[in-house]
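Values reported hereafter were calculated over all heavy atoms of this structure, with side chains retained and with hydrogens, waters and symmetry mates removed.
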Amino acid sequence: METESEPYVRLASLRQLHQVMADMNTARSLADTLQTVADGVVGALGYELACVNLVRHDGDLVVAAFSGNPAAEALITGRVGSRESWERRLGMGERWGDLIFIPHTEGWVLDDDDVPQWYTDGPAPRFEDEWHPSDRLFAPMYAPGPQGGGTSGELVGVLSVDRPRNGRRPGAWGREALQMYAFQAAIAISNARLRANMQRALVRLEREQQALRASEESFRQAFEYAPSGMAIAEMGGDQHGRILRTNDALCRLLGRRASTMRRYSFSDLVHPEDIGTLLRTSAEGGRAELRLARRDGTYLWVSLRNSVVADAADGPRFLLTHVEDIEERKRRELHLAHRASHDSLTGLPNSAELRSRLSARLCRQRPQAALPAAGSVESFEAFDSFGTQDAVHGGPPVFDRGHDFDFPPGADEYDGYDHHVHTVAPPDEYDDGSKGLAVLFCDLDGFKSINDRFGHNAGDAVLIEVARRLSNGVRDGDTVARLGGDEFVILADGLGRADAQDLAVRLRNEIIQPIRAEGRAVRVGASFGIGWAHCGMTADEVLKSADERMYIEKRSRPKQHRRAG
């Protein structure tokens, strides 16, 4: 290029340079861009060979494109040179601006490093600026710096060129053209990489969106068509717990429309007795068994299983609740529990259940106030009521109706009972209005003769009718139990001694009325013994005291008056 016609050559080269730069920036892929860069060096800058060494992610440089010699291209394309060897090359030789020229007089020291290279033969130089076959010329390609303005940034790659067509080392114009070309090539390669990364990111995003849409559709179908009930509710905020969405199975289960369900939360639908269970159920993996209200006012036993789902990584969280119908299982469980705790013939609580209910009111420690002697009895009935006196705190009697006992606050704790209030018996000496837990022990008179004369079917019919009359003769919350054979026990809470005696008389008068059994009328009598339960006694001790009093009462009556026929 250093000839008399250099200005004309420079103009032609500039046109070629403009064209190859345009080609670099319009290439469709990174591979096309790299090959265009190599071809541009050969086609526009007057070199016979050009190699693009691209920096990989690990810092080493790989031969990514080659132009000018198919044999050399097949030999070194894809081979890798270490970053250390390349740093050594770029740090030695002569600096022509940003270019690195290593003359053949110095380049021999690089013959054994791991940078891929080719060898060409040729005569020794005859004049000073003649190109030697072992000369090396490198044009580092740097991405534009973060401040712009032509500042160099990260190394993108290195252009290696060889054998100028005019056989001479490039002059000022040739060096400037190669340096400018390397700068533009770095921009084109960086842009191509950015486009490739963006395309990969777009493809990955599209795949993720497709997977998300497929996942959402799978969830929707699994939610909508699940055979058991499903619901989504809000978590947090003013509308916490409000049902947002239900599937058909849950709507059918509760007999409600989906639009109606969105007016409620589960706390609106749960049975009042189960609200505590619902509130204690964890949102994350919590399970509970409780009753939900149906549209017709009935309640259905269900199993709830909770999990938390998020709308997005940082989006709102929702409560996903799986609702399974367990009504049939609960019915079987309750039936089995009833059979285990109730007499199969009369349907009354059995001996084990009787002792359980009695023991639930008694602790091992006797109250410190004056109490009747252990085993005190009275001559008529025993009653299942749990009238109690807070002897420790000196309070009035406290009565618990029914059999679910919630002890009042402020009482002491005995034997595992929180807030236990002692059960005491009314005094023997006088009637001061005190009330307690009466235990009426009932034994039928003349029952064995009915079995012997008319058979066990007649005896069973008598027992069933006696059980019915006893149950009808007591208050709600009192317990009538069959202890075994023809023995029955009544637990009555909140009775005084006179009340217990009156109850025994009423029940006996009911029992002695004629009973239809196997087509004939029969009669049985009844003997009652009344015991009083109080803390410090066991359930067996209470029953034994009532049983003993019953036998005293039975023996004290003439035999002819023990039964009414």
Can you check side chain to side chain contact (heavy atoms under 4.5 Å, CB included) on V52 and M141, steps first, answer last? CA-CA 10 Å; V52 179; M141 297 181 290; 4.0 Å; yes
To the nearest 0.5 Å, tell me how far [X] [atom1] sits from [Y] [atom2].
X: D32; Y: D39; atom1: CG; atom2: CG; answer: 10.5 Å
X: D296; Y: R256; atom1: CG; atom2: CZ; answer: 9.0 Å
X: R317; Y: E284; atom1: CZ; atom2: CD; answer: 6.5 Å
X: L290; Y: I326; atom1: CG; atom2: CD1; answer: 8.0 Å
X: L250; Y: I243; atom1: CG; atom2: CD1; answer: 7.0 Å
X: Q179; Y: E176; atom1: CD; atom2: CD; answer: 5.5 Å

Side chain to side chain, [X] and [Y], heavy atoms closer than 4.5 Å:
X: D113; Y: W86; answer: no
X: M261; Y: L269; answer: yes
X: I100; Y: V158; answer: no
X: H322; Y: M230; answer: yes
X: E94; Y: E106; answer: no
X: K330; Y: E289; answer: yes
X: R331; Y: W301; answer: no
X: L354; Y: P349; answer: no

Check ring-ring contact (aromatic ring centres under 6.0 Å, His included) between Y264 and all other residues, then give those that pass, not counting sequence neighbours. none
For the student: nearest non-hydrogen atoms of [X] and [Y], plus distance:
X: Y47; Y: R165; result: O-NH2, 3.6 Å
X: R357; Y: H342; result: NH2-NE2, 4.4 Å
X: N53; Y: S160; result: ND2-OG, 3.1 Å
X: E327; Y: Y299; result: OE1-O, 4.2 Å
X: R175; Y: P170; result: NE-O, 3.0 Å
X: A64; Y: L34; result: CB-CD1, 3.6 Å

Salt bridge or not between R213 and E217? Use side-chain N to carboxylate O under 4.0 Å. no
Heavy-atom donor-acceptor pair, [X] side chain to [Y] backbone, under 3.5 Å:
X: R339; Y: S344; value: no
X: S341; Y: A337; value: yes
X: E324; Y: G229; value: no
X: S190; Y: A186; value: yes
X: R295; Y: L254; value: no
X: S215; Y: A211; value: no
X: D60; Y: R83; value: yes
X: D129; Y: R169; value: no

Considering residues, nucleotides and ligands other than [X], do more than 12 of their heavy atoms fall under 6.0 Å from its [atom1]?
X: E84; atom1: CD; answer: no
X: F219; atom1: CZ; answer: yes
X: R287; atom1: CZ; answer: no

State which residues pass side chain to side chain donor-acceptor pair (under 3.5 Å) with [X]; sequence neighbours excluded, sorted by chain then number.
X: T321; result: N306
X: D135; result: H104
X: S267; result: S265
X: D58; result: R56

Among residues two or more places apart or on two chains, list those pairs meeting side-chain hydrogen bond (donor to acceptor under 3.5 Å, both in side chains) that have a residue in residues 244-255.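 Pairs touching residues 244-255 that pass the test: E224-R245.
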Checking side chain to side chain contact (heavy atoms under 4.5 Å, CB included) between F138 and each of D98, I102, L159, which is the one that passes?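 Per the side chain to side chain contact (heavy atoms under 4.5 Å, CB included) rule, the option paired with F138 is I102, out of D98, I102, L159.
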Show, in sequence, the C-alpha distance, side-chain angles and deciding distance for L292 and L300, and conclude whether the side chain to side chain contact (heavy atoms under 4.5 Å, CB included) test is met. CA-CA 5 Å; L292 294 181; L300 180 74; 5.5 Å; no
Take F266 and T281 through the test side chain to side chain contact (heavy atoms under 4.5 Å, CB included) and record every step on the way to the result. CA-CA 12 Å; F266 278 109; T281 303; over 6 Å; no
Please lay out, stage by stage, how W131 and D162 fare under the test side chain to side chain donor-acceptor pair (under 3.5 Å). CA-CA 9 Å; W131 185 268; D162 196 11; 3.0 Å; yes
Under 3.5 Å, is there a donor on one side chain and an acceptor on the other for D274 and T277? no
Modelled atom types, side-chain donor and acceptor of S85 and R89, under 3.5 Å: no
I would like to know whether H422 and C363 meet side chain to side chain contact (heavy atoms under 4.5 Å, CB included); could you show each step before the answer? CA-CA 8 Å; H422 281 303; C363 70; 3.4 Å; yes
